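Since this is a predicted model, take the numbers as computed values, not measurements. Numbers restart at 1 for each chain; the letters A, B, ... are given by sequence-line order, proteins then strands.
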Amino acid sequence: MDINNQINEIFESTKGMHKAEPSPFLFDQVINKINRGVKPASYSYNGNQFLRWTLAFSISFIVSINIIAVVSVNYKKVSVAKAEVTVKNDLYNAITYNY
Amino acid sequence: MENLNNISFEEIVKQNQNLVYNTVISFLQNNEDAEDVTQEVFIEVYHSIDSFRKQANISTWIYRIAVNRALDFLRKKNAKKRQGIFSTFFYKKTGEINVDSAHFNHPGIILEKKESANVLFAAIDCLNEKQKTAFILFHIEELPQKEIALIMDISPKAVESLILRAKANLRDKLKNFYKNRGI
(Lines give C-alpha, C1' and ligand atoms only; values in the text may rest on other atoms or scores of the structure.)
Protein backbone atom coordinates (compact mmCIF):
# COMPACT_ATOMS: atom_id res chain seq x y z
CA MET A 1 0.00 0.00 0.00
CA ASP A 2 1.20 3.51 -0.82
CA ILE A 3 2.67 5.25 2.23
CA ASN A 4 0.35 8.28 1.85
CA ASN A 5 -2.72 6.06 1.73
CA GLN A 6 -1.47 4.27 4.82
CA ILE A 7 -1.03 7.59 6.66
CA ASN A 8 -4.52 8.70 5.58
CA GLU A 9 -5.88 5.43 6.92
CA ILE A 10 -4.13 6.10 10.23
CA PHE A 11 -5.71 9.57 10.42
CA GLU A 12 -9.14 8.11 9.66
CA SER A 13 -8.81 5.37 12.28
CA THR A 14 -10.51 7.42 15.00
CA LYS A 15 -13.49 8.33 12.81
CA GLY A 16 -16.69 6.75 14.10
CA MET A 17 -15.12 5.70 17.37
CA HIS A 18 -17.40 5.17 20.34
CA LYS A 19 -17.12 7.24 23.47
CA ALA A 20 -15.26 5.43 26.22
CA GLU A 21 -17.12 5.23 29.52
CA PRO A 22 -15.57 5.71 32.93
CA SER A 23 -16.36 3.53 35.90
CA PRO A 24 -20.09 3.59 36.85
CA PHE A 25 -18.93 4.35 40.40
CA LEU A 26 -17.08 7.52 39.38
CA PHE A 27 -19.41 9.89 41.24
CA ASP A 28 -19.27 7.77 44.43
CA GLN A 29 -15.48 7.62 44.21
CA VAL A 30 -15.28 11.40 43.79
CA ILE A 31 -17.63 12.04 46.70
CA ASN A 32 -15.74 9.54 48.81
CA LYS A 33 -12.47 11.40 48.16
CA ILE A 34 -14.09 14.79 48.83
CA ASN A 35 -15.50 13.50 52.14
CA ARG A 36 -12.06 12.21 53.10
CA GLY A 37 -10.79 15.78 52.64
CA VAL A 38 -8.86 15.17 49.45
CA LYS A 39 -8.03 18.54 47.88
CA PRO A 40 -7.09 19.06 44.23
CA ALA A 41 -3.33 18.68 43.86
CA SER A 42 -1.51 21.89 43.00
CA TYR A 43 -0.24 22.16 39.45
CA SER A 44 3.44 21.51 39.02
CA TYR A 45 5.48 24.20 37.32
CA ASN A 46 7.62 23.03 34.45
CA GLY A 47 10.60 22.16 36.63
CA ASN A 48 12.82 21.05 33.80
CA GLN A 49 12.49 24.33 31.97
CA PHE A 50 13.18 26.27 35.16
CA LEU A 51 16.25 24.17 35.94
CA ARG A 52 17.58 24.48 32.42
CA TRP A 53 17.17 28.25 32.29
CA THR A 54 18.71 28.71 35.75
CA LEU A 55 21.69 26.57 34.81
CA ALA A 56 22.08 28.28 31.42
CA PHE A 57 21.87 31.73 33.04
CA SER A 58 24.44 30.81 35.74
CA ILE A 59 26.88 29.42 33.16
CA SER A 60 26.56 32.45 30.89
CA PHE A 61 26.94 34.78 33.89
CA ILE A 62 30.13 33.06 35.06
CA VAL A 63 31.57 33.00 31.52
CA SER A 64 30.78 36.72 31.04
CA ILE A 65 32.42 37.64 34.37
CA ASN A 66 35.54 35.67 33.39
CA ILE A 67 35.71 37.29 29.96
CA ILE A 68 35.38 40.76 31.52
CA ALA A 69 38.07 39.94 34.09
CA VAL A 70 40.51 38.62 31.46
CA VAL A 71 39.89 41.55 29.12
CA SER A 72 40.32 44.14 31.87
CA VAL A 73 43.57 42.52 33.15
CA ASN A 74 44.94 42.45 29.58
CA TYR A 75 43.89 46.05 29.05
CA LYS A 76 45.67 47.09 32.23
CA LYS A 77 48.82 45.18 31.19
CA VAL A 78 48.76 46.77 27.74
CA SER A 79 48.21 50.27 29.12
CA VAL A 80 50.99 49.81 31.69
CA ALA A 81 53.31 48.52 28.96
CA LYS A 82 52.34 51.46 26.73
CA ALA A 83 52.95 53.90 29.54
CA GLU A 84 56.36 52.34 30.20
CA VAL A 85 57.30 52.61 26.53
CA THR A 86 56.16 56.25 26.44
CA VAL A 87 58.15 57.09 29.53
CA LYS A 88 61.20 55.30 28.15
CA ASN A 89 60.86 57.10 24.81
CA ASP A 90 60.44 60.41 26.54
CA LEU A 91 63.51 59.80 28.65
CA TYR A 92 65.46 58.66 25.60
CA ASN A 93 64.35 61.71 23.63
CA ALA A 94 65.12 63.95 26.55
CA ILE A 95 68.60 62.48 26.82
CA THR A 96 69.07 62.75 23.06
CA TYR A 97 68.00 66.39 23.05
CA ASN A 98 70.26 67.15 25.98
CA TYR A 99 73.09 65.38 24.33
CA MET B 1 -25.45 28.83 29.13
CA GLU B 2 -26.50 26.82 32.12
CA ASN B 3 -27.94 27.91 35.40
CA LEU B 4 -25.59 26.37 37.93
CA ASN B 5 -27.89 27.10 40.85
CA ASN B 6 -30.33 24.50 39.59
CA ILE B 7 -27.72 21.84 38.91
CA SER B 8 -26.41 19.65 41.67
CA PHE B 9 -22.80 18.48 41.75
CA GLU B 10 -24.03 14.97 40.96
CA GLU B 11 -25.68 16.21 37.78
CA ILE B 12 -22.51 18.07 36.78
CA VAL B 13 -20.51 14.86 37.19
CA LYS B 14 -23.04 12.68 35.37
CA GLN B 15 -23.42 15.15 32.49
CA ASN B 16 -19.69 15.70 31.97
CA GLN B 17 -17.99 12.46 33.05
CA ASN B 18 -17.82 11.04 29.53
CA LEU B 19 -16.32 14.14 27.99
CA VAL B 20 -13.73 14.39 30.77
CA TYR B 21 -12.81 10.71 30.64
CA ASN B 22 -12.54 10.64 26.84
CA THR B 23 -10.40 13.77 26.72
CA VAL B 24 -8.12 12.58 29.48
CA ILE B 25 -7.73 9.06 28.07
CA SER B 26 -6.56 10.46 24.72
CA PHE B 27 -3.80 12.37 26.50
CA LEU B 28 -2.73 9.72 28.99
CA GLN B 29 -3.35 6.60 26.88
CA ASN B 30 -3.87 4.53 29.97
CA ASN B 31 -7.26 3.52 31.40
CA GLU B 32 -6.31 3.49 35.11
CA ASP B 33 -4.48 6.84 34.93
CA ALA B 34 -7.46 8.31 33.07
CA GLU B 35 -9.83 7.15 35.85
CA ASP B 36 -7.62 8.77 38.52
CA VAL B 37 -7.25 12.05 36.62
CA THR B 38 -11.00 12.15 35.86
CA GLN B 39 -11.66 11.93 39.61
CA GLU B 40 -9.11 14.72 40.23
CA VAL B 41 -10.85 16.89 37.63
CA PHE B 42 -14.19 16.60 39.43
CA ILE B 43 -12.59 17.21 42.82
CA GLU B 44 -11.17 20.44 41.37
CA VAL B 45 -14.59 21.28 39.89
CA TYR B 46 -16.16 20.77 43.32
CA HIS B 47 -13.66 23.02 45.09
CA SER B 48 -13.52 25.79 42.50
CA ILE B 49 -17.11 25.94 41.33
CA ASP B 50 -17.40 29.42 42.91
CA SER B 51 -14.65 30.75 40.65
CA PHE B 52 -16.49 29.58 37.54
CA ARG B 53 -17.55 32.53 35.40
CA LYS B 54 -21.19 31.86 34.63
CA GLN B 55 -20.98 33.62 31.25
CA ALA B 56 -18.97 30.71 29.90
CA ASN B 57 -20.29 27.26 29.12
CA ILE B 58 -19.68 24.88 32.01
CA SER B 59 -18.45 22.12 29.67
CA THR B 60 -15.81 24.49 28.24
CA TRP B 61 -14.63 25.25 31.77
CA ILE B 62 -14.54 21.54 32.66
CA TYR B 63 -12.68 20.76 29.41
CA ARG B 64 -10.06 23.33 30.39
CA ILE B 65 -9.57 21.73 33.80
CA ALA B 66 -9.40 18.27 32.21
CA VAL B 67 -6.74 19.34 29.67
CA ASN B 68 -4.66 21.09 32.33
CA ARG B 69 -4.88 18.11 34.70
CA ALA B 70 -3.96 15.65 31.94
CA LEU B 71 -0.97 17.71 30.80
CA ASP B 72 0.16 18.15 34.41
CA PHE B 73 -0.06 14.40 34.98
CA LEU B 74 2.07 13.78 31.87
CA ARG B 75 4.65 16.36 33.00
CA LYS B 76 4.95 14.69 36.40
CA LYS B 77 5.16 11.25 34.81
CA ASN B 78 7.89 12.35 32.38
CA ALA B 79 9.80 14.08 35.17
CA LYS B 80 9.76 10.86 37.19
CA LYS B 81 11.16 8.95 34.21
CA ARG B 82 14.18 11.24 34.03
CA GLN B 83 15.58 11.31 37.51
CA GLY B 84 18.76 13.10 38.45
CA ILE B 85 19.87 16.62 37.71
CA PHE B 86 22.21 15.78 34.82
CA SER B 87 19.90 13.37 33.04
CA THR B 88 17.21 16.06 33.33
CA PHE B 89 19.44 18.67 31.76
CA PHE B 90 20.79 16.57 28.95
CA TYR B 91 17.66 14.54 28.23
CA LYS B 92 16.31 15.14 24.76
CA LYS B 93 13.14 13.64 23.36
CA THR B 94 13.90 11.91 20.09
CA GLY B 95 10.50 12.76 18.64
CA GLU B 96 10.29 9.41 16.93
CA ILE B 97 7.26 7.17 17.23
CA ASN B 98 7.93 4.57 19.86
CA VAL B 99 6.40 1.29 18.72
CA ASP B 100 6.53 0.00 22.28
CA SER B 101 4.22 2.77 23.38
CA ALA B 102 1.66 1.70 20.78
CA HIS B 103 0.22 -0.84 23.17
CA PHE B 104 -2.62 1.42 24.23
CA ASN B 105 -6.05 0.16 23.29
CA HIS B 106 -8.60 2.94 23.28
CA PRO B 107 -11.83 1.31 24.48
CA GLY B 108 -13.90 3.22 21.90
CA ILE B 109 -12.01 2.12 18.79
CA ILE B 110 -13.54 -0.66 16.71
CA LEU B 111 -11.49 -3.83 16.32
CA GLU B 112 -10.56 -3.44 12.62
CA LYS B 113 -9.09 -0.01 13.25
CA LYS B 114 -7.27 -0.79 16.50
CA GLU B 115 -3.83 -1.25 14.93
CA SER B 116 -3.98 2.01 12.96
CA ALA B 117 -5.39 3.89 15.96
CA ASN B 118 -2.56 2.60 18.15
CA VAL B 119 0.02 4.02 15.74
CA LEU B 120 -1.89 7.33 15.64
CA PHE B 121 -1.95 7.57 19.45
CA ALA B 122 1.76 6.76 19.62
CA ALA B 123 2.43 9.51 17.07
CA ILE B 124 0.22 11.99 19.00
CA ASP B 125 2.33 11.24 22.06
CA CYS B 126 5.36 12.73 20.23
CA LEU B 127 3.74 16.13 19.65
CA ASN B 128 4.38 19.12 21.90
CA GLU B 129 1.73 20.07 24.48
CA LYS B 130 -0.06 22.75 22.44
CA GLN B 131 -0.20 20.80 19.18
CA LYS B 132 -1.25 17.68 21.06
CA THR B 133 -4.09 19.54 22.82
CA ALA B 134 -5.36 21.19 19.63
CA PHE B 135 -5.18 17.94 17.65
CA ILE B 136 -6.91 15.81 20.29
CA LEU B 137 -9.72 18.32 20.85
CA PHE B 138 -10.26 18.83 17.12
CA HIS B 139 -9.59 15.43 15.61
CA ILE B 140 -10.64 13.05 18.37
CA GLU B 141 -13.12 15.06 20.47
CA GLU B 142 -14.40 16.73 17.28
CA LEU B 143 -14.87 20.11 18.95
CA PRO B 144 -15.30 23.26 16.85
CA GLN B 145 -12.21 25.48 16.60
CA LYS B 146 -14.03 28.30 18.43
CA GLU B 147 -14.55 26.14 21.51
CA ILE B 148 -10.97 24.86 21.35
CA ALA B 149 -9.84 28.50 21.31
CA LEU B 150 -11.85 29.14 24.50
CA ILE B 151 -10.49 26.02 26.19
CA MET B 152 -6.87 26.81 25.28
CA ASP B 153 -7.32 30.55 25.85
CA ILE B 154 -5.90 31.46 22.43
CA SER B 155 -7.38 32.88 19.22
CA PRO B 156 -9.24 30.65 16.71
CA LYS B 157 -6.52 31.51 14.14
CA ALA B 158 -3.87 30.20 16.51
CA VAL B 159 -5.90 27.01 16.96
CA GLU B 160 -6.11 26.55 13.19
CA SER B 161 -2.38 27.02 12.85
CA LEU B 162 -1.68 24.56 15.70
CA ILE B 163 -3.90 21.92 14.07
CA LEU B 164 -2.19 22.36 10.69
CA ARG B 165 1.27 22.11 12.25
CA ALA B 166 0.22 19.09 14.29
CA LYS B 167 -1.05 17.32 11.17
CA ALA B 168 2.13 18.16 9.23
CA ASN B 169 4.29 16.92 12.11
CA LEU B 170 2.27 13.72 12.43
CA ARG B 171 2.60 13.09 8.67
CA ASP B 172 6.39 13.51 8.88
CA LYS B 173 6.66 11.26 11.91
CA LEU B 174 4.46 8.59 10.35
CA LYS B 175 6.45 8.73 7.09
CA ASN B 176 9.71 8.22 9.01
CA PHE B 177 8.08 5.48 11.06
CA TYR B 178 7.04 3.52 7.96
CA LYS B 179 10.33 4.21 6.14
CA ASN B 180 12.27 2.83 9.11
CA ARG B 181 10.06 -0.26 9.01
CA GLY B 182 10.87 -0.66 5.30
CA ILE B 183 7.36 0.00 4.02
field: A/Asn8 side chain to B/Arg171 side chain, donor-acceptor N/O pair below 3.5 angstrom
entry: yes
- prompt: Given a strict heavy-atom distance threshold of 4.5 Å, which part of B/Phe42 is in contact with chain A: side chain, backbone, both, or neither?
  reply: both
query: Looking at residues at least two apart in the chain, or sitting in another chain, which of them share a salt bridge (charged side-chain N to carboxylate O under 4.0 Å, His left out) with A/Lys19?
result: B/Glu141
message: Do the side chains of B/Asp172 and B/Lys175 get close enough for a salt bridge, i.e. N-O under 4.0 angstrom?
response: no
- prompt: What are the residues of residues 27-36 of chain A, in order of number, with any heavy atom under 4.5 angstrom from a heavy atom of chain B?
  reply: A/Phe27, A/Gln29, A/Val30, A/Ile31, A/Lys33, A/Ile34
- prompt: Can A/Met17 and B/Glu142 be said to form a side chain to side chain contact (heavy atoms under 4.5 Å, CB included), step by step?
  reply: CA-CA 11 Å; A/Met17 66 188 269; B/Glu142 296 177 332; over 6 Å; no
field: Note, B/Ile62 side chain near B/Phe52 side chain (heavy atom, < 4.5 Å)
entry: no
message: Assess the residue pair B/Gln131 and B/Leu170 against the criterion (side chain to side chain contact (heavy atoms under 4.5 Å, CB included)); give the C-alpha distance rounded to whole Å, side-chain angles, the decisive distance to 0.1 Å, and a yes or no.
response: CA-CA 10 Å; B/Gln131 288 180 16; B/Leu170 286 174; over 6 Å; no
- request: May I have the step-by-step check of side chain to side chain contact (heavy atoms under 4.5 Å, CB included) for B/Val41 and B/Tyr63, ending in yes or no?
  value: CA-CA 9 Å; B/Val41 169; B/Tyr63 260 123; over 6 Å; no
statement: Turns out that what part of B/His106 lies under 4.5 Å from chain A's heavy atoms comes down to side chain
message: Please classify the contact between B/Phe9 and chain A as side chain, backbone, both or neither, with a heavy-atom cut-off of under 4.5 Å.
response: both
query: Do you know which of B/Lys167, B/His47, B/Lys114 has the most heavy-atom pairs under 4.5 Å to chain A?
result: B/His47
message: Can you tell me which portion of B/Asn31 sits under 4.5 Å from chain A's heavy atoms? Options are side chain, backbone, both or neither.
response: neither
field: Sequence neighbours excluded - side chain to side chain donor-acceptor pair (under 3.5 Å) pairs with any residue from residues 143-166 of chain B
entry: B/Thr60-B/Glu147, B/Ser161-B/Arg165
message: Between B/Ile43, B/Asn22, B/Leu120, who has the most heavy-atom pairs with chain A when the cutoff is under 4.5 Å?
response: B/Asn22
For B/Val37, the option from B/Leu74, B/Val20, B/Leu28 that meets side-chain contact (heavy atoms from CB on, under 4.5 Å): B/Leu28
B/Ile12 vs B/Ile49 side-chain heavy atoms within contact, under 4.5 Å: yes
- request: Hey, could you give me the CD1/OG1 distance between B/Ile163 and B/Thr133, rounded to the nearest 0.5 Å?
  value: 11.0 Å
Neighbourhood of chain B inside residues 72-82 of chain A, taking heavy atoms under 4.5 Å as contact: none
field: Carboxylate-amine/guanidinium contact B/Arg75 B/Glu129, below 4.0 Å
entry: yes
Over all atoms of both residues, closest heavy-atom pair of B/Asn16 and B/Ser59: OD1-CB, 3.8 Å
message: Taking side chain as everything from C-beta outward and backbone as N, CA, C, O, which of these in B/Lys14 sits under 4.5 Å from a heavy atom of chain A? Side chain, backbone, both or neither.
response: side chain
